[in-house]
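First comes the structure, then the notes that go with it.
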Amino acid sequence: MDLLAYLATSSAAVAASWARMAVALLFSILFSFIVGTLAGTNRYFEKIAIPVLDILQSIPILGFFPLAITLFVALLPVIGSELAAIFLIFTSQVWNITFAVYEGTRLIKSELLDTARFLGISWAEKFRYLYIPATLPRVLYNIQPSWANGIFFLVGSEILTFGETEVELFGLGTVVSRYTLNGDVVGVATTVGMLVLATVLTTLLVFRPLTHVAEPRRKDRKELLGYTSFLRRIFGPALKGVHLPSHLLFFEYHKAVEQLTKRVSPYTSLMRGVLFFLLGGLLVSLVVVGSEAWITRLGVLIQAIYYLGLENLALSAVYSLGRVAAAVLFSIAWSVPVAIAIARKERLSLYLTSFLQVIASIPATIVYPIFAGTLSEQPELRAFLMTVAATQYYVFFQVYAGLKNIPQTELELVELLKLRTVDRVRMVYLPRALPPLVTGCITAAGGAWNSLIVSERIVLGDVVAETPNPGLGKLLSTMTYEGNLVGSVIVITLMASLIVLMNRLFWKRVYDLVISRLKIQEEAGK
Amino acid sequence: MSEAILSVVNVSHNFYTKKGMTIEVLKNMNISLYYGEFLGIVGQSGSGKTTLLKIMAGLIKPTSGSVFYKSKPINGPTPAISLVFQEPALFPWLTVLENVVLALKRFKELSREEVVERARSYLDMVGLSGFESVYPGELSGGMKQRVVLARALVTNPDVLLMDEPFSNVDPLTAVSLRREIDMLRAHETLPPSSVLLVSHNVEEIVELSDRVIVLSGRPAEIKGEVKISMEKPRDRRSPLFYEYVDAIFTLMS
Ligand SMILES: Nc1ncnc2c1ncn2[C@@H]1O[C@H](COP(=O)(O)OP(=O)(O)O)[C@@H](O)[C@H]1O
Ligand SMILES: [Mg+2]
């Protein structure tokens, strides 16, 4: 094949994938505006919707796989697979946007709500003049992370395999997989290059302008003094995009959950969450078993658990936890020193972060097929590398942004007081780096869990690259390829429960500890 | 005695906290606002003035009792009664003009041009012509309150309710705002017919009102009433002014 053909194929693939993601994104925004606004304004709906959303967003996205395929393909045989792919991408994009709308709606001043009611404007006008503009900046800010998330799962979403059903949709994911299978290095390189190019262009031409759309309307939060507004007008363009709080993303979610947990004691909410999961999982499994009597369905379920083996499930969970922990620890180990080393060196940090940003924009999943053929004698190392590829940047960029956001005044003060390096680190760097480090770790752990489904067992044509030791991801993948719907629901229920437990019992505590120790709730929360 | 345009009859109101406690805010209120009157209600912060105004505007349903507008019970916000909030509640993402236009959305029979025309003329009246396409964030507190006033008046209300409209404005601006409200009131053909001003600031109440109702704190009950017969504009340094202020302070404490 000549280069032109490569270019044509890869740009067509990018176009197809981009179209799918755009449709999914539109649905995500629509869904978020409806559900987020309702949850933010209706107390009864809030009580049901937020726990459900909390749980849905902690289910590793690829876990929706078996259900989505079965459902969509069965319902609509012709366009079903395309819809299933869009649905899967949707599940990877939607939750943070929904939480952003919810949070934004709740923060609308009560005077404005009263005014809207008072002026007697209609429901549709309320949406147009109140809810949408009030939440738009947050939504726009969340679009880019959502898009990145979507790319990450693109590969998985375009190759739909479930038992007998196997559909390949033309797009980035399939094209890369095929090139890899054929050992076509040029093909892989062109496609990945095209992906990076498309990402850079989309960022510059769509996301950057989008975040600016909301800006002139935002500055009115606090009244600007004449002088400040003058400075803004002159330096505005240069300042834009700099002050965005990098840990905002997690906060949307964190605040939303916190809001809820404030109302119920932590343990009841935790118990409810886990119970909800187990019951939900049970119910879904019972429905998908699909034989006549409910009693026999229960029997099938027990049989499926028996088939999987309790011991096997437990062991898989332990191994998977270990792999997640290893990936997160490794990411911390290199990210923190590098971030501290470069954060104050303007030029170096510019080059390095630009470079890393490009690398990070290549979703780990797209290079997974390349991993499949390599390192076959070191399968654990291969899985580790794949997991790290999906994990590390979250940590690095969070810590880096945290250090970058140290206010100039604090740095000047440190200079003025001629503090020793130890004190500098303790007084300024650590308080600024720790909260983002924790939020980075939480996001990274989520990413790691997601990637386990592929990195523990990757199937590419006839090649199966899996870890010798058990793992939940491997188990889920096996169930999926066997077409064992009940089995996969059981595994995904277990996996999601583990993630929720980790979030509530471990990460939230670590986070609260860091915040309370450093007494920086105020700034961090903003 | 002339007839009441708005009357509060036996209104009591409680709030219930999340812990199940009951806060009695208003207790057995009876207030009449007469045609053409400027009524002042004075009470300490937290005594329930805002709650009372919201009830009169139909935003809150009282725990017991009712409010009548021209002898008909009020069940929700109506364009005949306008409310100016304590905080200048403007939509920050809409321009000054759009904010005022919003109040006219409920009049479906008006054309787009008529709506804009009317909004412009009211902005002009409060001294904001030329600021139509500015966003509220770029305005000072006093200018914001003027936009709110234009928005409250643009629907031609019979009754204007004002909740401490000068408390977020610097003292000098407050002086000119008070003067303007007084002038608007003196205008024969312009609505509103009656104004109710609520404040914890005794001087500003005495400066503007024809009659003053004094509230006690927690739960708010009516302590007494003072009629003010002084020519406008009133001189804050005159001995008569001080007599009124003293009389009200005595009732409050
Ligand atoms: N929505 C509410 N829920 C519970 N308590 C409230 C609410 N609104 C006001 N209150 C309480 O009612 C009392 C009166 O409030 P408000 O009417 O705002 O007083 P004022 O306007 O005179 O300062 C205050 O003690 C306040 O805490
Ligand atoms: Mg008040």
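To find a chain, count down the sequence lines: A is the first, B the second, and so on, and within it residues start at 1.
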**No-hydrogen, no-angle side-chain donor-acceptor test under 3.5 Å, B/H13 and B/T63** = yes
**Request:** State whether a side-chain donor-acceptor pair under 3.5 Å links B/D158 with B/Y69.
**Result:** yes
**Presence of salt bridge, B/E164 and B/K49, under 4.0 angstrom** = yes
**Message:** Within the 3.5 Å criterion, strictly below it, is a donor on B/T50 or B/D163 matched to an acceptor on the partner's side chain?
**Reply:** yes
**Prompt:** Which region of A/I108, side chain (C-beta onward) or backbone (N, CA, C, O), has a non-hydrogen atom less than 4.5 Å from a non-hydrogen atom of chain B, or is it both or neither?
**Reply:** neither
**Message:** Checking side-chain polar atoms at under 3.5 Å, does B/N156 have a donor or acceptor matched by the opposite partner on B/Y122?
**Reply:** yes
**Request:** Would you kindly say whether A/Y102 and A/E46 are connected by a side-chain donor-acceptor distance under 3.5 Å?
**Result:** yes
**Choice from B/K105, B/K54, B/Q86 maximising heavy atom contacts with chain A below 4.5 Å** = B/K105
**Message:** For a quick check under 3.5 Å, do B/E37 and B/S194 share a side-chain donor-acceptor pair by atom type?
**Reply:** no
**Prompt:** Top residue by heavy-atom pair count (under 4.5 Å) with chain A, among B/P88, B/A57, B/A89?
**Reply:** B/A89
**Asked** What residues of residues 76-84 of chain B sit under 4.5 Å from chain A when you count only heavy atoms?
**Response** B/P77, B/I81, B/S82, B/L83
**Request:** Indicate whether the side chain of B/N201 and that of B/S167 have a donor and an acceptor atom separated by less than 3.5 Å.
**Result:** no
**Message:** At a heavy-atom distance under 4.5 Å, which candidate from B/L102, B/L104, B/V148, B/L94 has the highest pair count against chain A?
**Reply:** B/L102
**Request:** Answer with side chain, backbone, both or neither: which region of B/F85 has an atom nearer than 4.5 Å to a non-hydrogen atom of chain A?
**Result:** side chain
**Prompt:** Heavy-atom distance under 4.5 Å to chain B: side chain of A/L112, backbone, both or neither?
**Reply:** both
**Check: A/S122/A/E125 side-chain N/O donor and acceptor closer than 3.5 Å** = yes
